[in-house]
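This report refers to the structure that appears directly beneath it.
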Amino acid sequence: MTDTAELSLAGKNSEYPVLSGTVGPDVVDIRKLYGATGAFTYDPGFTSTASCRSALTYIDGDEGVLLHRGYPIGELAEQSSFMEVAYLLLNGELPSADELGKFETTITRHTMLHEQLATFYRGFRRDAHPMAVMCGVVGALSAFYHDSTDIHDPQQRMIASHRLIAKMPTIAAMAYKYSVGQPFLYPDNSLSYTGNFLRMTFGVPAEQYEVHPAVEKAMDRIFILHADHEQNASTSTVRLAGSSGANPFACIAAGIACLWGPAHGGANEAALNMLHEIGTPDRIPEFIARAKDKNDPFRLMGFGHRVYKNYDPRATVMQKTVREVFDALKVSDPVFETALRLEEIALNDSYFVEKKLFPNVDFYSGVILSAIGFPTSMFTALFALARTVGWVAQWNEMITDPDQKIGRPRQLYTGPTQRSYVPMSKR
Ligand code: ACO
């Protein structure tokens, strides 16, 4: 294997080191390219660019592999808990029973919000999208913890990380409660992270809320499946915002804004809406034809991925979890049959086969979340809640990376060259 790459540009040769990770493609270190040649690289959407080093998450998109700190997502989803995965992502190793207990206690003790934030909610319209509310409220946390957050102090960074992970369920549940006009519920420290979130979302002060163990387990697993995913758009946004030394709460608010888009976290909402629009399996061919039509902007939501060119391993777990939730709640939903049939038809269609378009994590998640009782508008908020773990872990990793610099991409300029100002009378 070569350890340098040669480039010949305008008759000048230059050499660049080739760096190897523990697994995955090598990367050509082009940091000196501009100095050596005066040229930039052009890579819209970063399809061939590694923006950082990271030891958190590894994806092999061709093989459909997803590892967190080396552990396969399927094993974590089956055998661990969201709190364990959060600890793993933040600290690098699985916790001992004692370490996990202490971590859970720390998170539990940070779940309450400053009372002033309840007033903040009341400034939103009742029909505001929960992601708009989450973006605003998480951004507002920076006003509450600005002076106390020195990002160069590891201890203070960890406290900010714990606060974010702990408060996110409270923030998301309050966004839901506000939208349905019900009173906010305070966290209950006797419950698990996920059980507490379910109670704050679906409970009411007037009666006792019993957490359904199967729903709690499924919800916890959904959180695990969304915890981190390498340098995706929202994580890159958090890193870019954080690269300037910005307040961590503000950086996570930026991540939430990015996640909201339908090409990213908003796809689970869009996928379920699409399944409802399709309605019955006999209408699938019509929608498949639309997805294939170049002149129609319609895409099969929950299908395709920038990195996975194989079945998204999270979609496999998600499909299994749908059945478990249906069995536990003794419900069924015709939309699941439509989804299964749509998957089967698409995976046998040459368009989807040739372009390697497979179901992604969002394809089945909406079916489960709606069986649990969440409105579609909450789907992306749940994604944000879980992904906060990955965002803060990646943010911490970035701050401690000695190679870290403020993110400042360059461009290929295509506008007018310098010209003289034209006075209004001559235009
Ligand atoms: N339906 C129909 N055609 C598709 C779809 C789809 N869902 N996804 C990709 N294609 C086609 C594109 O039209 C393109 O065709 P072309 O080569 O003839 O131009 C080709 O497949 C490659 O697609 P790109 O858009 O170039 O792939 P990219 O990596 O940029 O996009 C993305 C990935 C955004 C996820 C895309 O597949 C998509 O829009 N999917 C639907 C939305 C979705 O499910 N997003 C969730 C992603 S997972 C997550 O965020 C958790």
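Atoms within each ligand, like the ligands themselves, are counted from 1 in listed order.
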Task: Sub-3.5 Å N/O-N/O distance, Lys309 and ligand 1 - done: no
Task: Where ligand 1 meets Tyr351 - atom numbers and elements under 4.0 angstrom, heavy-atom basis - done: 2 (C), 3 (N), 4 (C), 11 (C), 13 (O)
Task: Ligand-side contact atoms (ligand 1) for residue partner Lys294, heavy atom cut-off under 4.0 Å - done: 15 (O), 16 (P), 18 (O), 19 (O)
- [ ] Below 4.0 angstrom from a heavy atom of Gly302, which ligand 1 atoms are there? Numbered from 1 as shown, please.
- [x] 43 (C), 44 (O)
Task: Contact check: Ala263 vs ligand 1, nitrogen or oxygen atoms, below 3.5 angstrom - done: yes
Task: Numbered atoms and elements of ligand 1 in range of Ala291, under 4.0 angstrom, heavy atoms - done: 2 (C)
Task: Inter-residue atom distance Leu94.CG - Leu100.CG, 0.5 Å rounding - done: 9.5 Å
- [ ] Please answer whether the main-chain N or O of Asn310 pairs with a side-chain N or O of Lys356 as donor and acceptor at a distance below 3.5 Å.
- [x] no
Open item on the list: When you measure from the side chain of Thr37 to the backbone of Leu33, do you find a donor-acceptor pair of N or O atoms at a distance under 3.5 Å?
Closed with: yes
Open item on the list: Arg314 versus ligand 1: do any nitrogen or oxygen atoms come within less than 3.5 Å of each other?
Closed with: no
TODO: For the residue pair Thr194 and Phe223, establish whether any side-chain heavy-atom pair is separated by less than 4.5 Å.
DONE: yes
- [ ] Look only at interatomic distance and state if Met301 has a nitrogen or oxygen under 3.5 Å from any nitrogen or oxygen of ligand 1.
- [x] no
Task: For Phe383, atoms of ligand 1 separated by under 4.0 Å from a heavy atom - done: 51 (C)
